[in-house]
Q: 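Here it is: the structure, laid out below.
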Amino acid sequence: MRPRHTHDMQALLIWYDAHQRRLPWRVSLDAYRVWLSEVMLQQTTVPTVLGYYPRFLERWPNVEALARASQDEVLAQWAGLGYYSRARKLHACAKLVAFERQGRFPETVEALQKLPGIGPYTAKAVAAIAFKVNTVPMDGNIERVTARLFAITTPLPAAKPMLQELAQRLAVPKRPGDLAQALMDLGSGICTPTKPACPACPLKKDCQAFKKGIAENLPARVKRAAKPVRHGVAFIAERKKDGAVLLRKRPEAGLLGGMLELPGTPWQSEPWTDEAALAFAPSGTGWRQAGLLRHVFTHFTLMLEVRTGSATRTSQGAFWAKPENLSQLALPTLFKKALKFMALDV
DNA sequence: AACACGGGGCT
DNA sequence: AGCCCAGTGTT
């Protein structure tokens, strides 16, 4: 066992007490609320989550309520947040906790990590914040803070195990949850990826990277490959009498899994010819180009050509959705963008 | 270890 | 245009 308290975590906690933000998931340490916020915050910024978390909590105030919802309802509320497998696993986890564990979340890192959608980070965060387990979760912020504190120059992701081990040395038994949140606040507010505010940092006396003047260069990363481009054509098939459009449900697994979409072509590396694209159109007439949009996914960029036309009957697997109902459906951002072309087309 | 998996905001 | 973000699960 290495010696603890080589760093002044007390100074960090004092800074945290003076600077912490009033965020809705810091109002209560109820495990359900902590868990819900941590899942939403996976790879998602605080401002974005602020637009979803209060609505979720109002609609489903406890894990039993969320467990009783339908998956389509959960996906509809999640629409726009991205990484939709999170919503499916969130619901699966809620059902498991509500129906097989009498509504109680497990209280150890190991048991939490067995639940759907809870990985190493979320297990530690929930354990530390809701159950006062003395552990330090590793997220992007704490990874960066740790790399700088110890001046680790090994590039990510190879440095991850070392950073994980070093971060655990920062643990303090008194206030594990506050320490985790203090480190994350430090990472987002002071120890930022570019132009860190080192002079204002409560840990500057301990920071090896600051002393060496290399804080801004850490953590080092290996270069990522450029995103390929894919092309698709989507069809807005409009019903004359009420303006309803045809939608269909995507497969449960994979990209935008379980969400709704406009009918259209597959997405391929080459642009579509008219003739090839029309083979994927719903039964309808008068197709004309309404717009072209670019949408960036995690690992490719999509160029989506949007065409409008009129249709009188549904096609295979599709259904009519009235414009006034669109906001309550599980439509990912890509297709919300596409549907905006409809209004221009009168 | 590498990849799939959204979307928004920053520089 | 590239990088980042309160990551997880699969291969």
Side-chain angles (χ1 to χ4, degrees), chain A residues 20-21 23-26 34-53 75 78-90 92-93 112-130 136-145 155-161 164 167 177 179-189 191-196 216 219-230 250-259 261 293-302 330-337:
Chain A
Q20 77 158 297
R21 302 172 57 185
L23 298 167
W25 43 90
R26 287 180 183 167
V34 173
W35 162 73
L36 177 62
S37 72
E38 291 301 344
V39 174
M40 284 188 168
L41 286 159
Q42 288 166 6
Q43 295 290 289
T44 309
T45 56
V46 167
T48 301
V49 172
L50 285 174
Y52 287 79
Y53 183 78
L75 284 175
W78 197 274
L81 254 188
Y83 284 142
Y84 298 97
S85 75
R86 287 188 297 173
R88 300 195 301 272
K89 293 188 173 103
L90 182 89
C93 184
L112 281 163
Q113 205 177 323
K114 290 196 172 81
L115 298 175
I118 299 188
Y121 164 76
T122 305
K124 288 182 173 175
V126 172
I129 297 168
V136 180
M138 278 297 280
D139 72 327
N141 284 316
I142 300 182
E143 204 166 64
R144 182 171 57 256
V145 170
L156 288 171
K160 267 178 192 292
Q164 171 69 235
L179 182 80
Q181 299 189 71
L183 284 167
M184 293 190 266
D185 279 11
L186 189 74
S188 65
C191 196
T192 49
T194 60
K195 298 184 185 175
E216 186 154 14
R221 294 178 191 275
V222 297
K223 271 217 169 46
R224 296 175 191 177
K227 286 183 203 291
V229 177
R230 294 191 197 169
R250 294 177 61 88
E252 290 294 322
L255 189 72
L256 307 177
M259 302 291 285
E261 68 174 359
L293 68 86
R294 167 194 303 265
H295 188 80
V296 181
F297 288 98
T298 309
H299 54 293
F300 66 93
T301 296
L302 176 68
L331 264 181
T333 299
L334 167 65
F335 295 108
K336 285 188 174 169
K337 284 200 244 174

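Atom set for the values below is all heavy atoms of this structure, side chains included, hydrogens, waters and symmetry mates excluded. First the proteins, then the strands, lettered A, B, ... as listed; each starts at 1.
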Q: Quick one: is dG7(B) close enough that its OP1 or OP2 comes under 4.0 Å of any side-chain N or O from His295(A)?
A: yes
Q: Rounded to whole angstrom units, what separation is found between the NZ atom of Lys160(A) and the P atom of dA1(B)?
A: 11 Å
Q: Mind checking Leu256(A) for me? I need base, sugar-phosphate or nothing, with any heavy atom below 4.0 Å counting as a touch.
A: sugar-phosphate
Q: Donor-acceptor pair, distance only, cut-off 3.5 Å: does the side chain of Ser37(A) make one with the backbone of Trp35(A)?
A: no
Q: Below 4.0 angstrom from OP1 or OP2 of dA4(B), is there any side-chain N or O of Thr298(A)?
A: no
Q: Could you tell me the separation between the CZ atom of Arg221(A) and the P atom of dG2(C), rounded to a whole number of Å?
A: 16 Å
Q: Is it the case that the base of dG9(B) and the side chain of Thr45(A) share a donor-acceptor contact (distance under 3.5 Å, atom types as modelled)?
A: no
Q: State whether His299(A) places a side-chain N or O below 4.0 Å from either non-bridging phosphate oxygen (OP1 or OP2) of dC5(B).
A: yes
Q: Side-chain N or O of Gln43(A) versus OP1/OP2 of dG7(C): is the shortest distance under 4.0 Å?
A: yes
Q: Heavy atoms under 4.0 Å, any strand shown: does Arg88(A) hit a base, just sugar-phosphate, or nothing?
A: nothing
Q: Using a cut-off of less than 4.0 Å, is there contact between a side-chain N or O of Tyr83(A) and OP1 or OP2 of dG9(C)?
A: no
Q: Respond yes when some side-chain nitrogen or oxygen of Arg144(A) is under 4.0 Å from OP1 or OP2 of dC5(C), and no when none is.
A: yes
Q: Nearest 0.5 Å, please: how far is CZ in Phe297(A) from CG in Leu256(A)?
A: 5.0 Å
Q: Rounded to the nearest 0.5 Å, how far apart are CD of Gln113(A) and OG1 of Thr122(A)?
A: 9.0 Å
Q: Using a cut-off of 4.0 Å on non-hydrogen atoms, how would the nucleic acid contact of Pro116(A) be classed: base, sugar-phosphate, or nothing?
A: sugar-phosphate
Q: With C1' as the reference atom in both, quote the distance from dT8(C) to dG9(B) in angstrom, rounded to an integer.
A: 23 Å
Q: With a 3.5 Å cut-off and heavy atoms only, can you find an N or O donor on one side and an acceptor on the other between the side chain of Thr48(A) and the base of dG9(B)?
A: no
Q: Roughly how far apart, to the nearest Å, are dC3(B) and dA6(C) at atom C1'?
A: 22 Å
